[in-house]
Undergrad: 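Got a structure for you, questions after.
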Amino acid sequence: MSFSDIVERIKGVRGVTEVVTSRSALFITATADALKPLAMEIYQIMGGFFRTCIGSDERSINNCFAIYYIFGLDDRGLNIVVKVYADSKKPELPSISDIVPASDWCEMEARDLFGIEFTGRASYRLILPHGWPNGVHPLRKDYSYDSRPVTRAVSERLTLVDTISTVPIGPYHPALHEPEYFELYIEGERVIDVKYRGFHVHRGIEKLGESKLTYQQVNFIAERICGICGFEHSTCYAQVVESAAGIEVPERAKFIRSIVLEIERIHSHLLWVGVVAHLLGYDAGFMHTWRIREHVMTLAELLTGSRKMYGLNLIGGVRRDIDLSKKEKILEVLDTISKEYIELASLMVSIPQVRMRLKGSGVLYKEDARKLSVVGPVARASGLRRDVRKDLPYAAYRYASFNVPVYDDGDNFSRLMVRLDEIKESISIVKQLLDQMPPGPIKVEEFIVPEGVVAISAVEAPRGEDVHFIITGHGRPFRWRVRAPTYQNIPALKHMLKDQPLADAPLTIASIDPCFSCTDRVLVIDSSGSKRTLKLGWGLG
Amino acid sequence: MPNKVIGRSIWVFHLNSGSCNGCDIETLDVLTPYHDAERFGVKLVVSPRHADVVLFTGPITIESLPKVIRALKAMPRPRYIVALGSCAIGGNIWHASYSVVGGVPKLLEILKDEGVNVDGVFYVPGCPIRPESIIYAIALIKGIAKKKVKMKVKKAEP
């Protein structure tokens with residue numbers, strides 16, 4: 001199907017009012033009735049993936065709420081954005097979660113944060129704390145970032161069913177390093193269902209930016225979405241503003257970004273390998289991977305000045321250059337890592353106990369993976385060749401040649417192998433890019449960000465595709481939304497845990513490399529200057 | 001020699017109340033071979049009931065607050081808190097956000113209302129903290145190092 005065919009087919013759907021084409025995206029405005037046929041067309045017939053959907057309070061501009069659905073045709077490197085308006089008095093839209101199961105969470109997010117109701121599906125509270133009053137939607141423009149309708153949430157009890165045994169995991173559990181709550185329903189030794197209550201780490205980053213930060217400052221808060229893959233978030237944010245403002249980033253800055261991104265991937269994957277070894281009861285493996293990882297942390301400190309939270313990105317470029325002496329040091333460290341790492345990795349996968357625990361457990365079949373639009377190593381271990389670095393090349397990845405490891409079994413072992421292979425690829429990418437690094441400036445000093453521009457950017461984080469969406473505003477984003485990779489992968493756990501022995505559950509949960517702080521962030525930034533504090537008269541304890 | 005707060009080995013429980021993971025991975029890093037905090041007798045335990053010290057990371061979110069209080073109630077006395085990182089100390093940039101209560105000082109006020117006593121709090125600043133600073137905090141607790149800074153409150157002239 002050619003590009004013009006796609007445009008024609010979309011124009012042919014009843015209710016599509018406007019189609020605007022740009023270099024890498026297709027912007028469609030449609031009525032609410034056209035939503036389901038459009039989802040059917042793009043998701044089912046064209047075989048697109050679902051990236052996310054984004055609620056937005058545009059009452060100050062056009063007196064409406066709006067939802068943006070982002071689909072991606074990965075093989076063509078094309079994003080399709082569908083915008084639908086919802087009435088400001090009674091915002092209500094048809095749900096597309098029956099056609100696109102992956103849209104389940106983001107619809108509930110829009111319901112919690114904007115009060116947009118979705119018809120034709122079961123609604124539940126996803127993000128806001130238990131005890132938060134109904135009808136208070138923190139991301140609406142007329143809500144002040146610092147008003148707290150509740151300060152003392154009560155600990156809720158999730159459904160404990162009498163007839164089936166229930167095993168709670170979390171919120172503080174040795175297998176989880178973050179506060180999240182899983183409830184496993186057990187029959188005998190087998191898990192028959194799983195319930196998830198997350199969003200303990202919802203910090204309302206978006207709303208903070210709305211009234212506090214400027215374009216450049218958001219870079220640094222974006223990095224604090226996640227302490228492990230923070231640089232991906234700040235790169236993605238910088239890229240999305242750059243694409244909205246049409247800023248040409250110097251080539252050298254792109255190379256530096258790619259190099260640091262890959263170094264972060266190495267450290268993140270090593271961290272994960274260590275944690276998995278620990279969960280397998282193979283503590284020697286855990287200690288050794290973390291020992292090797294320490295070299296990478298030193299390297300990050302050398303390049304950026306900090307072990308974590310690099311603070312390297314700015315809109316328009318980066319803040320630190322890589323000089324010749326640093327280059328030599330990088331190559332030296334990479335040689336040490338690859339030597340020690342390859343020895344450890346081959347030892348680890350040859351241990352029969354490790355293989356037996358990982359093989360055949362936590363299987364995610366390809367069709368389920370496709371249905372839930374999972375991303376990153378989880379998708380690649382289930383036979384989906386999805387990698388943003390190849391599909392929508394950004395930074396300097398087009399100058400490096402690398403393989404995308406894909407395994408077909410969809411089990412925990414495949415997910416381990418994907419990550420082990422990726423570390424080798426990352427080491428090779430860093431070496432290639434260091435060799436080709438062009439001279440020149442590393443930053444554009446002056447630029448203007450126009451208002452009201454919509455842009456999307458994606459970056460391949462260690463956990464998968466990270467999507468940032470922006471509507472620019474005056475001095476700061478009008479709306480900024482982050483779709484972290486784990487957000488897309490957690491719903492897949494339901495399929496992975498089903499009919500599995502209970503003993504494998506913590507391992508399977510860890511196998512998606514969950515990063516809850518990313519997932520729970522919910523970032524939106526908006527401007528518009530309306531800072532009225534909502535008068536919350538009702539007594540809430 | 002400065003006073004020891006805890007003479008015996010310190011058993012720590014790691015409590016993440018809304019952290020971005022930056023401080024968490026550095027905490028874990030301290031326990032692995034390179035920094036090896038186990039040489040000071042530090043052991044990560046899996047239940048607050050076994051812990052002498054709770055390592056706090058992240059701002060306290062409204063959703064995690066009741067769970068945090070329950071975990072602290074389960075700790076035996078004496079009960080020490082080490083607040084790791086800017087978020088745990090004062091809430092960092094999220095201190096005023098709609099879904100965040102604040103840092104450990106805010107938590108202490110709430111704990112006082114609840115009747116939960118805390119015997120001592122140590123603050124380790126940084127965003128994220130460096131492994132060395134965690135080791136320094138351990139040294140302070142064990143009386144190996146001496147505190148270098150003093151707190152002095154100066155009031156402005158009227």
Side-chain angles (χ1 to χ4, degrees), chain A residues 127-132 138 143-156 171-174 177-179 181 199-205 207-208 212-213 220-221 224-228 230 271 274-275 286-291 293-294 297 306-309 515-518 520-521, chain B residues 13-29 31-36 44-48 57-71 74 85-87 91-102 106 110 113-114 126-132:
Chain A
I127 286 168
L128 295 174
H130 186 68
W132 187 277
Y143 186 90
S144 161
Y145 77 97
D146 56 357
S147 65
R148 293 180 189 133
V150 278
T151 48
R152 300 291 295 275
V154 273
S155 202
E156 82 217 81
Y172 295 107
H173 187 271
H177 296 284
E178 288 172 83
Y181 183 70
F199 297 92
H200 289 68
V201 197
H202 175 62
R203 289 155 291 173
I205 300 174
K207 194 66 185 179
L208 281 172
K212 287 282 170 196
L213 305 178
F220 300 97
I221 203 172
R224 277 154 183 81
I225 294 168
C226 176
I228 303 174
L271 179 148
V275 169
F286 166 62
M287 291 293 178
H288 276 295
T289 33
W290 280 65
R291 176 181 58 78
R293 180 178 166 274
E294 198 56 35
M297 303 303 279
S306 178
R307 289 163 57 87
K308 276 308 315 161
M309 304 293 170
C515 183
F516 298 112
S517 67
C518 287
D520 298 2
R521 91 297 72 127
Chain B
F13 177 69
H14 179 200
L15 199 59
N16 175 340
S17 56
S19 161
C20 73
N21 281 344
C23 296
D24 303 87
I25 57 172
E26 296 293 45
T27 310
L28 211 51
D29 204 31
L31 298 162
T32 53
Y34 191 83
H35 296 284
D36 194 18
L44 193 67
V45 292
V46 295
S47 164
T57 53
I60 292 135
T61 59
I62 293 173
E63 179 72 42
S64 69
L65 178 66
K67 291 130 195 176
V68 165
I69 294 175
R70 280 180 66 182
S86 308
C87 294
N92 204 354
I93 191 151
W94 347 99
H95 69 101
S97 170
Y98 62 86
S99 64
V100 172
V101 180
K106 275 268 161 43
I110 295 167
D113 294 347
E114 297 264 332
C127 181
I129 39 162
R130 293 183 62 87
E132 292 87 342

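Chain identifiers are assigned alphabetically (A, B, ...) following the order of the sequence lines, protein sequences preceding nucleic acid strands; residue numbering begins at 1 within each chain. Given the structure is predicted, the values throughout are model-derived calculations rather than measurements.
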Undergrad: So, the side chain of B:Ser97 versus the backbone of A:Arg203: is there a donor-acceptor pair under 3.5 Å, distance only?
TA: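 Yes, the answer is positive, given that a donor and an acceptor are paired below the 3.5 Å cut-off.
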
Undergrad: Just one of A:Pro179, A:Pro129, A:Pro171 clears the side-chain contact (heavy atoms from CB on, under 4.5 Å) bar with B:Glu63, so which one?
TA: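 The passing option is A:Pro129.
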
Undergrad: Using non-hydrogen atoms and a 4.5 Å limit, figure out which bit of B:Asp29 sits close to chain A: side chain, backbone, both or neither.
TA: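 When you check distances to chain A, atoms from both the backbone and side chain of B:Asp29 fall under 4.5 Å.
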
Undergrad: Go through the atoms of B:Leu31 and report whether side chain, backbone, both or neither lie under 4.5 Å from a heavy atom of chain A.
TA: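 B:Leu31 touches chain A through backbone heavy atoms alone.
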
Undergrad: Between B:Ser99 and A:His202 (side chain of the first, backbone of the second, donor and acceptor by atom type, cut-off under 3.5 Å), is there such a pair?
TA: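 A pair under 3.5 Å: yes.
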
Undergrad: Is any side-chain heavy atom of B:Val46 less than 4.5 Å from a side-chain heavy atom of A:Tyr172?
TA: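 Side chain of B:Val46 against side chain of A:Tyr172, heavy atoms only: no contact under 4.5 Å found.
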
Undergrad: Let me know if B:His95 has heavy atoms under 4.5 Å from chain A in its side chain, its backbone, both or neither.
TA: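 For B:His95, the contact with chain A is made by the backbone alone.
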
Undergrad: Less than 4.5 Å to any heavy atom of chain A: does that hold for the side chain of B:Ser17, its backbone, both, or neither?
TA: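 It is both, since atoms from each part get that close.
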
Undergrad: Is there a donor-acceptor pair under 3.5 Å between the side chain of B:Tyr34 and the backbone N or O of A:Trp290?
TA: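 Absent.
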
Undergrad: Taking the side chain as every heavy atom from C-beta outward, state whether B:Ile93 and A:Leu213 have any atom pair closer than 4.5 Å.
TA: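 Yes. Closest side-chain heavy atoms under 4.5 Å.
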
Undergrad: So what's closer than 4.5 Å to chain A heavy atoms on B:Pro33: side chain, backbone, both or neither?
TA: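 The answer is both parts of B:Pro33.
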
Undergrad: Relative to chain B, which of A:Arg224, A:Lys212, A:Arg291, A:Met309 shows the most heavy atom pairs under 4.5 Å?
TA: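 The answer is A:Arg224.
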
Undergrad: Does any heavy atom of chain A fall under 4.5 Å from the side chain of B:Cys87, the backbone, both, or neither of them?
TA: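 Contact with chain A is absent: no heavy atom of B:Cys87 under 4.5 Å.
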
Undergrad: How far apart are the C-alpha atoms of A:Arg307 and B:Glu26, what are their side-chain angles, what is the distance that settles it, and do they pass the salt bridge (Lys or Arg N to Asp or Glu O under 4.0 Å) test?
TA: CA-CA 9 Å; A:Arg307 289 163 57 87; B:Glu26 296 293 45; 2.9 Å; yes

Undergrad: Backbone N or O of A:His200 within a donor-acceptor pair of the B:Thr61 side chain at under 3.5 Å?
TA: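 It does hold such a pair.
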
